[in-house]
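A quick write-up on the structure given underneath.
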Amino acid sequence: MLNDSTIDSQPDIRVKSLRYGELDRSVVVAAAVRVAERGGVRSVTVRALATELGLSTTAMYRYVDGKAELLNLIAEATLASVELPESGPWQQRIRVVANSARKAMLRIDGIADVLQTQPAKGAARQVDALMQQLVVDAGVPPARRESARMLLMIFILGSVSFEQALDGLPHQLTESPESRFEQGLDVLIAGLCAT
């Protein structure tokens, strides 16, 4: 099971001087995540990563192909931090994975949009497999499982995007973001129970 400390456990390494071969993928990913957490996905560039690691931009291209690869690495690291409960009632497992995913994504402005455009790999496939199992465990008929799974994913990703878009803007919503999210989960779970 993956847990919420995966990203946190990455070393906070700020390298001032590296020789070729001293930089491994985990250091690159941790640095890219730090850049994204500070400035959102728009701030992620090969140049920003090079600055974070104390390297030249040219040297960074030995480790990453460009911004698209960086965003994919950040998306994977974000999803790798999502808790994937293996047991318990399906309603409780949906709440755990949804809240864990929300928390992980809120750390990086714009990551929900990136996750919708990146191909499913590693951690993304694990999250998707759990979502598939949850709709089966909920008793959703086979013909509706794909739609139910997509609805869950769209709710989580959309909620995060909406919350990040509203952050700091005037609005008339009275419920806290956490309360709105929990109420939305209540509605989704009730809908799954009714299928």
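Keep in mind that what you see is a predicted model, and the values were worked out from it rather than measured.
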Enumerate the salt bridge (charged side-chain N to carboxylate O under 4.0 Å, His left out) contacts for residues 130-142, please, sequence neighbours excluded, ordered by first and then second residue.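 Every salt bridge (charged side-chain N to carboxylate O under 4.0 Å, His left out) pair that includes a residue of residues 130-142, provided the two are not neighbours, is R93-D137.
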Scan for salt bridge (charged side-chain N to carboxylate O under 4.0 Å, His left out) pairs involving residues 186-195, sequence neighbours excluded, and state none if there are none.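 Checked against salt bridge (charged side-chain N to carboxylate O under 4.0 Å, His left out) - neighbours excluded - the pairs reaching residues 186-195 are R95-D186.
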When hydrophobic residues are tied together by side-chain contacts of less than 4.5 Å, even through go-betweens, does L70 share a cluster with Y61?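 L70 clusters together with Y61.
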Under a 4.5 Å side-chain heavy-atom rule over Ile, Leu, Val, Met, Phe, Trp and Tyr, are V135 and M150 clustered together?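 No; M150 is not reachable from V135 via cluster members.
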For residues 70-96, pull every pair meeting ring-ring contact (aromatic ring centres under 6.0 Å, His included), keeping only residues two or more places apart or in separate chains.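 Of all non-adjacent pairs touching residues 70-96, none passes ring-ring contact (aromatic ring centres under 6.0 Å, His included).
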Can you tell me how far apart [atom1] ([X]) and [atom2] ([Y]) are? Round to the nearest 0.5 Å.
X	Y	atom1	atom2	answer
R38	I108	CZ	CD1	11.5 Å
D65	N72	CG	CG	11.0 Å
L106	E37	CG	CD	12.0 Å
L173	R180	CG	CZ	5.0 Å
L130	L84	CG	CG	5.5 Å
Q92	I189	CD	CD1	10.0 Å

Check the pair V114 / T78 against side-chain contact (heavy atoms from CB on, under 4.5 Å), numbers first and verdict last. CA-CA 11 Å; V114 171; T78 301; over 6 Å; no
Grab the two heavy atoms, one from [X] and one from [Y], that are nearest each other, plus how far apart they are.
X	Y	answer
A77	V33	CB-CG2, 3.8 Å
K103	R107	O-CG, 3.4 Å
C193	Q91	SG-NE2, 4.3 Å
A123	A80	CB-N, 3.5 Å
A104	S81	CB-OG, 3.3 Å

Going through the distances and angles, do I94 and L192 end up as a side-chain contact (heavy atoms from CB on, under 4.5 Å)? CA-CA 11 Å; I94 283 178; L192 291 173; 3.7 Å; yes
Are the side chain of Q164 and the backbone of G110 linked by a donor-acceptor contact shorter than 3.5 Å?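 Yes; judged by distance alone, with no hydrogens or angles, the pair exists.
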Tell me, please, which residues at least two apart from [X] pass side chain to side chain donor-acceptor pair (under 3.5 Å).
X	result
N99	E182
S179	E175, Q183
E163	R102
R149	D128

Could you pull out every donor-acceptor pair under 3.5 Å between side chains of residues 53-60 and any protein atom, sequence neighbours left out?
residue, atom, partner, partner atom, Å
S56, OG, A59, N, 3.0

Just jot down the side-chain contact (heavy atoms from CB on, under 4.5 Å) partners of R25, sequence neighbours excluded, or say none.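 For R25 the side-chain contact (heavy atoms from CB on, under 4.5 Å) partners, ignoring immediate neighbours, are V29, V64, E69, L73.
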For a quick test of your reading: what N or O donor-acceptor pairs under 3.5 Å do the side chains of residues 152-162 make, sequence neighbours left out?
residue, atom, partner, partner atom, Å
S159, OG, F155, O, 2.7
S161, OG, D113, OD1, 3.2
S161, OG, L157, O, 3.2

Can you sort out the partners of E146 under salt bridge (Lys or Arg N to Asp or Glu O under 4.0 Å), two or more places apart, ordered by chain and number?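 Once residues adjacent in sequence are excluded, E146 has no partner under the salt bridge (Lys or Arg N to Asp or Glu O under 4.0 Å) criterion.
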Each residue besides V96 in its hydrophobic cluster should be listed here, by chain and number; the cluster joins Ile, Leu, Val, Met, Phe, Trp and Tyr at side-chain heavy-atom distances under 4.5 Å.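 ILVMFWY cluster around V96 holds nothing else.
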